[in-house]
Amino acid sequence: MAKAPVLTPQAEDFPRWYQDLINKAELADNGPVRGTMVIRPYGYGLWERMQQEMDARIKKAGAQNAYFPMFIPQSYLTKEAEHVEGFAPELAVVTHGGGKQLEEPVVVRPTSETIINEYFSKWVQSHRDLPLLINQWANVVRWELRPRVFLRTTEFLWQEGHTAHATYEDARAYASMIHTDVYGDFMTNVLGIDVVLGRKTAKERFAGAINTLTLEGMMGDGKALQLGTSHELGQNFAKAFNTTYQLQGAEREYVWQTSWGVSTRMVGGLIMSHGDDNGLRVPPRLAAVQAVVLAIKGDDAVIAKVREIGAKLEAAGIRVVVDDRTDTPFGRRAVDWELKGVPVRIEVGPRDLASTEFPGGTAMLARRIPGGKEPVSIDALAELLPGVLEEDQALLLRQSRERRESRTVDVKTLDEAVEAAATGWGRISWADLGAEGEAKLSEQGVTVRCIVAADGSVPATDDQEGNIAIVARAY
């Protein structure tokens, strides 16, 4: 009788596979309030690495970290009509505190444009105060009707950047730089996901923005996931909050603004982009644990050797864990590490130490991303592994790109677009589709994920000649 698989196969039920993997790889649990989640240590370790990589890029872009309150006076949101209308269905509103009804209800932060602009209007006085570049790492609450762990939760973690500039051109250039040099670089070169960079249609634009730039990734089932956005806010919030700066004379001018963010949704994207029927596959540049050294048996010499290997790999700059828990069967531990997607396993037992194949002893090297095992010299591990990890990082990106390219087709009609979206993405001329066609697709559960130029670059305007709409079903 065949042994039951650890995970539901992707081809059988992709959503069930996703939930199985989150549970069995110990990434997260459902929280006690519907739509919330508890992020477990291994899952939070992935988020911490994302934070570290992103934070370095954000600071290189000139932004400084700050923190703003999670409680926002309800009156702040009403100042920008389009903004409050866009978020109204998702708001969590506090009406009582300290046993008493509040004089003014407060909203639990769904995003911080309004409260940050309240302070920008105080901090910006002259052109010398610009640009003002602020980022915060925080939690936000958006009441989610159809929750799914990491992808759509009532409370989630994110970073949100907010900037003020003297000119439209400066703000536009900064939003574009965040889009490409911060988000695009991280998602491509660290997450290993071949994202498409484009601009949202007016229908899909962030509430209160004049332009939204997006990064869309194709998941293992062919659906799209929005992994991050960068918004040009124009002067909409500046006018609502009277955020102005003084020119050379007495004249004052409204600032031009941006906002941009990525969230724990990226963890879900990582799972669905790289995971397979054996579990997660974590890109080596991201992995909190790049290599695990496993003792097969509780032999004193084996225990001493795995600890020695771990110390040498750590000294070589590899993020390593030594697993010498020999009271737990080796097979179970190996499966657990495979589920967690650690890029490399180094397995050492008495037979390996007794092997004469390599001077200094032999270990079995198991590579999670391409699969397979091979004997290697223990003495060569510290020199060998950096190259192996880079090879496997490149492989994940290549596989992501190949999936997207093979499952994206050019279409000419709405029916063809819906058919393409059943298994992947469709590309259709925006001039042929237009807002009317976009609305008809939406009725069938297909959305325009973004608009790209004919050469695949980000177009300057929605109606730029030759624009292509990327259509798909989405998470």
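Electrostatic pairing of Asp276 and Arg368 counts as a salt bridge here, judged by a charged N lying under 4.0 Å from a carboxylate O. Under a 4.0 Å N-O distance rule, the pair Lys412/Glu416 does not qualify as a salt bridge. A salt bridge between Arg205 and Asp462 is present, with a side-chain N of the basic residue lying under 4.0 Å from a carboxylate O of the acidic one. Between Lys340 and Asp336, no side-chain nitrogen of the basic residue sits less than 4.0 Å from a carboxylate oxygen of the acidic one, so the salt-bridge criterion is not met. A salt bridge is absent between Arg57 and Asp181: the closest approach of a Lys/Arg side-chain nitrogen to an acidic carboxylate oxygen does not fall below 4.0 angstrom. Using a 4.0 Å cut-off between a side-chain N of Lys or Arg and a carboxylate O of Asp or Glu, Lys200 and Glu216 qualify as a salt bridge. For Glu118 and Lys79, the salt-bridge test passes: some basic side-chain N is under 4.0 Å from an acidic carboxylate O. For Glu144 and Arg34, the salt-bridge test fails: no basic side-chain N is under 4.0 Å from an acidic carboxylate O. Salt-bridge check for Arg367 with Glu391: passed, with a basic side-chain N closer than 4.0 Å to an acidic carboxylate O.
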- Message: Using side chain to side chain contact (heavy atoms under 4.5 Å, CB included), reason through Leu313 and Ile309 one step at a time and then give a plain yes or no.
- Response: CA-CA 6 Å; Leu313 294 182; Ile309 294 170; 3.9 Å; yes

- Tell me, with the steps shown, if His231 and Phe206 meet ring-ring contact (aromatic ring centres under 6.0 Å, His included). CA-CA 7 Å; His231 314 290; Phe206 178 73; 4.3 Å; yes

- Task: Using the side chain to side chain contact (heavy atoms under 4.5 Å, CB included) rule, take Val140 and Phe156 through it: C-alpha gap first, then chi angles, then the decisive distance, then the call.
- Result: CA-CA 6 Å; Val140 293; Phe156 54 91; 3.1 Å; yes

- Please walk me through it: do Arg407 and Met218 pass side chain to side chain contact (heavy atoms under 4.5 Å, CB included)? CA-CA 9 Å; Arg407 299 176 72 170; Met218 180 184 284; 3.9 Å; yes

- Evaluate side chain to side chain contact (heavy atoms under 4.5 Å, CB included) for Leu339 paired with Tyr42, printing each intermediate quantity in order. CA-CA 11 Å; Leu339 277 167; Tyr42 190 74; over 6 Å; no

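Within a 6.0 Å sphere centred on CH2 of Trp137, other residues, nucleotides and ligands contribute more than 12 heavy atoms. In this structure, Gln235 places its CD atom where more than 12 heavy-atom neighbours from other residues, nucleotides or ligands lie under 6.0 Å away.
Aromatic ring orientation, His165 versus Tyr174: tilted (interplanar angle from 30° to 60°). The aromatic rings of Tyr76 and Phe241 sit perpendicular to each other, their planes meeting at more than 60°, with 30° as the lower class boundary. Aromatic ring pairs are classed by plane angle as parallel below 30°, tilted from 30° to 60° and perpendicular above 60°; the pair Trp123 and Phe68 is tilted.
Using a 4.5 Å cut-off on side-chain heavy atoms (C-beta onward), Val262 and Tyr183 make contact. Counting only heavy atoms from C-beta outward, the side chains of Leu233 and Ser259 approach each other to under 4.5 Å. For the pair Arg142 and Phe87, the minimum side-chain heavy-atom distance is below 4.5 Å. Two residues are said to be in side-chain contact when any heavy atoms from C-beta on lie closer than 4.5 Å; Asn242 and Ser121 fail this criterion. Gln159 places none of its side-chain heavy atoms less than 4.5 Å from the side chain of Gln51. Looking at Met187 and Asp194, their side chains never come closer than 4.5 Å, going by heavy atoms from C-beta outward. Considering only heavy atoms from C-beta on, Phe150 comes within 4.5 Å of Tyr18 through its side chain. A heavy-atom distance below 4.5 Å is found between the side chains of Arg199 and Pro459.
When atom types are taken as modelled, the side chain of Thr244 and the backbone of Arg252 share no donor-acceptor pair closer than 3.5 angstrom. Without hydrogens or angle criteria, Ser273 side chain to Leu270 main chain gives no donor-acceptor distance under 3.5 Å. A donor-acceptor distance shorter than 3.5 angstrom exists from the side chain of Thr180 to the backbone of Ser176, with no hydrogens or angles considered. Checked by atom type and distance alone, the side chain of Arg473 never pairs as donor or acceptor with a backbone atom of Lys223 at under 3.5 Å. In this structure a side-chain-to-backbone donor-acceptor pair under 3.5 Å is present from Thr188 to Gly184. When atom types are taken as modelled, the side chain of Arg152 and the backbone of Arg146 share no donor-acceptor pair closer than 3.5 angstrom.
The CG atom of Asp185 sits 12.0 Å away from atom CE of Met177, with the distance rounded to the nearest 0.5 Å. Atoms CG and CD1, from Leu397 and Ile193 in turn, are 9.5 Å apart once rounded to the nearest 0.5 Å. In this structure, the separation between CG on Asp221 and OG1 on Thr423 is 10.5 Å, given to the nearest 0.5 Å. One finds the CZ atom of Arg281 at 6.5 Å from the CG atom of Leu395 (value rounded to the nearest 0.5 Å). Annotation: the span from Lys24 atom NZ to Leu280 atom CG amounts to 15.0 Å, rounded to 0.5 Å. Note that CG of Leu130 is 10.0 Å distant from OG1 of Thr163, once rounded to the nearest 0.5 Å.
Asn278 and Leu7 make their closest contact through C-CD1, 4.0 Å (heavy atoms, listed as atom of the first residue, atom of the second, distance). For the residue pair Leu133 and Ala61, the shortest heavy atom distance occurs at CD1-O, 4.0 Å. Shown here for Leu389 and Pro343, the closest heavy-atom pair between the two residues is CD2-CB, 3.9 Å. Nearest heavy atom pair, residue Ala224 against residue Ala472, reads CB-CB, 4.0 Å. Residue Leu151 comes nearest to Gly268 through the heavy atom pair CD2-CA, 3.8 Å, listed as atom of the first residue, atom of the second, then distance. Contact record, Thr258 with Ala171: CG2-O, 3.3 Å, taken as the closest heavy-atom pair.
Trp256 and Asp170 share no donor-acceptor pair across their side chains, judged by distance under 3.5 Å alone. For Thr447 and Arg449, the side-chain atoms include at least one donor-acceptor pair closer than 3.5 Å. For the residue pair Gln136 / Gln64, no side-chain donor-acceptor distance below 3.5 Å is found, with atom types taken as modelled. Checked by atom type, the side-chain pair Gln393/Asn189 shows no donor-acceptor distance below 3.5 Å. For Thr201 and Glu438, the side-chain atoms include at least one donor-acceptor pair closer than 3.5 Å. Between the side chains of Arg172 and Asn211, no donor N or O sits under 3.5 Å from an acceptor N or O. A donor atom on one side chain and an acceptor atom on the other are not found under 3.5 Å apart for Trp260 and Asn135. For the residue pair Gln52 / Arg49, a side-chain donor-acceptor distance below 3.5 Å is found, with atom types taken as modelled. With no hydrogens or angles considered, a side-chain donor-acceptor pair links Ser112 and Glu160 at under 3.5 Å.
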